[in-house]
Engineer: 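Got a structure for you, written out below as structure tokens; questions coming shortly.
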There are 4 protein chains.
Amino acid sequence: MSSTPPLLPRKSPRQRRSQLTVASLLEAAAQLLETQGLEGFNTNAVAERAGVGIGSLYQYFPSKDALTLALLEREAARFEADALAALEVPDGPAALRHLIRASVRQQLERAELARLLDEQEGRPELRAHLDKGRFGQLINTLLQRPGLPPQADAALAAADVAALIRGLVDGAGERRETDLAHLQCRVEAAVFGYLERAAAAARGLQGRECESGMRAGAAPA
Amino acid sequence: MSSTPPLLPRKSPRQRRSQLTVASLLEAAAQLLETQGLEGFNTNAVAERAGVGIGSLYQYFPSKDALTLALLEREAARFEADALAALEVPDGPAALRHLIRASVRQQLERAELARLLDEQEGRPELRAHLDKGRFGQLINTLLQRPGLPPQADAALAAADVAALIRGLVDGAGERRETDLAHLQCRVEAAVFGYLERAAAAARGLQGRECESGMRAGAAPA
Amino acid sequence: MSSTPPLLPRKSPRQRRSQLTVASLLEAAAQLLETQGLEGFNTNAVAERAGVGIGSLYQYFPSKDALTLALLEREAARFEADALAALEVPDGPAALRHLIRASVRQQLERAELARLLDEQEGRPELRAHLDKGRFGQLINTLLQRPGLPPQADAALAAADVAALIRGLVDGAGERRETDLAHLQCRVEAAVFGYLERAAAAARGLQGRECESGMRAGAAPA
Amino acid sequence: MSSTPPLLPRKSPRQRRSQLTVASLLEAAAQLLETQGLEGFNTNAVAERAGVGIGSLYQYFPSKDALTLALLEREAARFEADALAALEVPDGPAALRHLIRASVRQQLERAELARLLDEQEGRPELRAHLDKGRFGQLINTLLQRPGLPPQADAALAAADVAALIRGLVDGAGERRETDLAHLQCRVEAAVFGYLERAAAAARGLQGRECESGMRAGAAPA
DNA sequence: CATGAATGAGGTTTCATTCAT
DNA sequence: GATGAATGAAACCTCATTCAT
């Protein structure tokens, strides 16, 4: 019947006690991923660290992937709670900076966890069940705001901005950077730099070879 | 687990046949990674696809990680052969564009392989044995070239540029983009945009809040 | 990819040693089924009794069901080696008696094993992969031989005869009967009795209510 | 495993609601067995389908086997309610036909359920607690009725008749036959044929080789 | 050197059963 | 009584690695 193993939560915890169990499991999973890496991320260890029996894990998550997925969603929710506030900001650049700040915070707070979860997102079994675009869509919306250079293909630009933020912040995480403000600066440089030049390229040079290197005059005086 | 398993090649293949075997194994590993993902990447499968016995694999690679490492190095070498030519180019922007072109090519040619290998690079067991900085160092060198805005911390800027390239190109790979020229354009936008603004920030605003959003007048007329 | 677990043998053993391993595994499976019932029939126990590692079992049988299937086929082959000789006998009744003898022998020799395997045959996962009809086809062929009453629907009659033999012999096995000759007698009574009366019914009473009870004159003088 | 788990009903339900719960559980068990096979027959699923908590199941049945046993008994009772009417019929053949009709009906009505329960009857844990002979005893009684050929060992003959009916009807069930009348016919042919020939063999050929094949003259003209 | 049979620690998952609420 | 969360022994299976041939 069920060829692909199930990923939807097996049962939603109604009682107080079980909600606690589920939360413990997710946090245990997060901690293991952080401290032991993928290596130590196995269901027995998760259950043990959560202080519950392995059976309890499978009461709530029908498979290991379902657990991973739930963790991914927990982190996504955590992020969105922070990031959606950007929608309140009418000014484009300000809103974008807000979003970048949320990204940087999220990724640096639990850097290794974030990095490993990003990897898991790439696994084909999980990708199907993921609202992959949400981050991109949010950016897409913000790109329409006044004060930002208009993009030819806004969706693509949004995806690029998302990828670029992620790349920079992951890299910083790997180097164990902790200076949020400094990192924020550099990410902004990349994002706004990209947007400006991409817009310029689209405007000026339809069809011609892309030419966005350092030109005389483009470099600041 | 017991002690740390050996990662250095067990023996360097001197004879012709051995070299061929090693090459088959590496290519088999690459193909499996590409087509089956991490899931299907196991030593028995690699040996089988390479058309040799599993015993032979362990003749040349003392452990699975050693094999992964060798593959990582093969790809790095492949890339450098392409990228080092950038050093011949005296002009900064042109050299950088050359390097970006190599990156884009490498990552899109075998996108899934590149992505999975990037992940492997992150594994602690392998990181220790990796010349992690080589890409960054190359960029670092190029950043000194004339025509590029001077960076406060060149090493950091180089790392950022590397991360940013990787992020953009991985994202494109996941979306199965194939238009190399277009992607190249966007990456250039991000890289040169970043460099310019980062330099400006460093120049103008020591210690003050970073302020690199869209300013009136910064947006092209 | 592979939703239903694989049932085809994973690799055919080429070397002498592995053929021995496979044989040990099958015999171990048979013995466990006989002595411990389904309860004790698990892959670890099978491997242990066979004196090999659990890994070896899975070298040759990709799943527990594949092992069961192989055992089923081993027993079927064993039986056919005995039963096919019936085809040499031209006389219908004699050939049928030969076949019955083979059935009785097979089922009583390892009664519990035979019973449990019959049950396994019913499992949907295995039924698909089984030449279910072979026994029936053999009977079908024999039913055409001279000396036997002609049946309206030979295939159905063959299936009935097969079912009837199996029922009687399983029952005897459960009661731990050991007198082969006596059992043989009773099975023959049922088989030949069925054939005769079924033929008579088909001949005489098309469409009318079936009427095959004890009639005056039908009972022997 | 520890000791032998209890099989007797934990408490006889005196109150109305309890009886209803028990009935739900039994019917749920039956349906699961029918639709999902042994695979899907587990206590949690039974309780869920019955619409009660798993705890309640264990209020009434101290173990899974106790539940199975109760279901077995429910079906036996169902059958006997139908079959015992045969005792009212004085004529031997008619009574036997009545019994066969009941068997055929029972087995074809819920064929898969009947088959799986027959298998469970074979499990050593349950056999001990089963009035195995009741069906045989009933037949045994009927075999004494006038109009049926006298059997040397009536108990054995009864067991054979029972086995033979079950074999034929199970076979028909597996083939998903639905024509009750036709099946009835064939079963009668086997039963009466067996009884007649078994009697003849006992009468004529004490000690000699059993000889019940098709003889000249026995075959219909 | 090459082979591939053998290994077994360790991972995922199920399900009968208990017991606090 | 009824509930359902929790349990954990035990089942199935994988795969990195070894070693006799």
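Throughout, a chain's letter reflects where its sequence line sits, starting with A, and its residues are numbered from 1.
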Engineer: Mind checking whether A:L20 and A:S24 have side chains closer than 4.5 Å, heavy atoms only?
Structural biologist: yes

Engineer: Can you measure D:L25 atom CG to F:dA2 atom P for me and round it to whole angstrom units?
Structural biologist: 10 Å

Engineer: When you get a sec, tell me which of F:dC13, E:dT17, F:dG8 is the closest nucleotide to the side chain of A:I54?
Structural biologist: F:dG8

Engineer: Searching all strands shown, indicate the nucleotide that pairs with F:dA9 (Watson-Crick or G-U wobble; both distances under 3.5 Å).
Structural biologist: E:dT14

Engineer: In the structure shown, which nucleotide is the Watson-Crick or G-U wobble counterpart of E:dT21, with both distances under 3.5 Å?
Structural biologist: F:dA2

Engineer: Which whole-number value in Å describes the distance from A:D65 CG to E:dT12 P?
Structural biologist: 10 Å

Engineer: Taking for each residue the nucleotide of DNA chain F bearing the nearest heavy atom, is the 5' side occupied by B:T43 or by A:G55?
Structural biologist: A:G55

Engineer: Would you kindly give the CD-to-C1' distance between A:E48 and E:dT12, to the nearest whole Å?
Structural biologist: 16 Å

Engineer: For a quick check, tell me whether the side chain of D:N44 and the base of E:dA16 share a donor-acceptor pair closer than 3.5 Å.
Structural biologist: yes

Engineer: Which nucleotide in the set F:dT3, E:dT13, F:dC15 lies at the smallest distance from any side-chain heavy atom of B:N42?
Structural biologist: F:dC15

Engineer: Starting from P on E:dT17, measure out to CG on D:L67 and report it in whole angstrom.
Structural biologist: 10 Å

Engineer: Which residues, if any, of residues 115-124 of chain A bring a heavy atom under 4.0 Å of DNA chain F?
Structural biologist: none

Engineer: Residues from residues 26-38 of chain B sitting under 4.0 Å of DNA chain F, heavy atoms only?
Structural biologist: none

Engineer: May I have all residue pairs that pass salt bridge (charged side-chain N to carboxylate O under 4.0 Å, His left out) and include part of residues 20-36 of chain A, sequence neighbours excluded?
Structural biologist: A:E27-A:R74, A:E27-A:R110, A:E34-A:R110

Engineer: Send over the distance from D:L57 CG to E:dC19 C1', rounded to a whole Å.
Structural biologist: 16 Å

Engineer: Measuring to OP1 and OP2 of E:dT14, would you say a side-chain N or O of A:Y58 lies under 4.0 angstrom away?
Structural biologist: no

Engineer: Sort out for me which residue in A:L38, A:L71, A:L130 forms a side-chain contact (heavy atoms from CB on, under 4.5 Å) with A:Q120.
Structural biologist: A:L38

Engineer: Considering only heavy atoms from C-beta outward, does the side chain of B:L67 approach that of B:L26 to under 4.5 Å?
Structural biologist: yes

Engineer: Within this structure, what is the CD-to-P distance between C:E39 and E:dA16, rounded to whole angstrom?
Structural biologist: 11 Å

Engineer: Round to the nearest Å and state the distance from A:K64 atom NZ to F:dC13 atom P.
Structural biologist: 19 Å

Engineer: Considering residues, nucleotides and ligands other than C:E75, do more than 12 of their heavy atoms fall under 6.0 Å from its CD?
Structural biologist: yes

Engineer: Using side-chain heavy atoms (C-beta onward) and a distance below 4.5 Å, is A:F41 in contact with A:T68?
Structural biologist: yes

Engineer: Side chains of D:V46 and D:K64: closer than 4.5 Å at any heavy-atom pair?
Structural biologist: no

Engineer: Which is more 5' along DNA chain E, the nucleotide nearest B:G53 or the one nearest A:F41? Just name the residue.
Structural biologist: B:G53

Engineer: Mind checking the CG-CG spacing from D:L57 to D:N44? Nearest 0.5 Å is all I need.
Structural biologist: 9.0 Å

Engineer: Taking the side chain as every heavy atom from C-beta outward, state whether A:E112 and A:L116 have any atom pair closer than 4.5 Å.
Structural biologist: yes

Engineer: Report yes if at least one side-chain N or O of C:S56 is closer than 4.0 Å to OP1 or OP2 of E:dA5; otherwise report no.
Structural biologist: no

Engineer: Is any side-chain nitrogen or oxygen of A:Y60 closer than 4.0 Å to OP1 or OP2 of F:dA6?
Structural biologist: yes

Engineer: State whether the distance check finds a donor on one side and an acceptor on the other, under 3.5 Å, for side chain C:Q59 versus base E:dA5.
Structural biologist: no

Engineer: Can you find a heavy atom in the side chain of A:H129 that is under 4.5 Å from one in the side chain of A:D65?
Structural biologist: no

Engineer: For E:dA6 and C:T21 - does any side-chain N or O of the residue sit under 4.0 Å from the phosphate oxygens OP1/OP2?
Structural biologist: yes

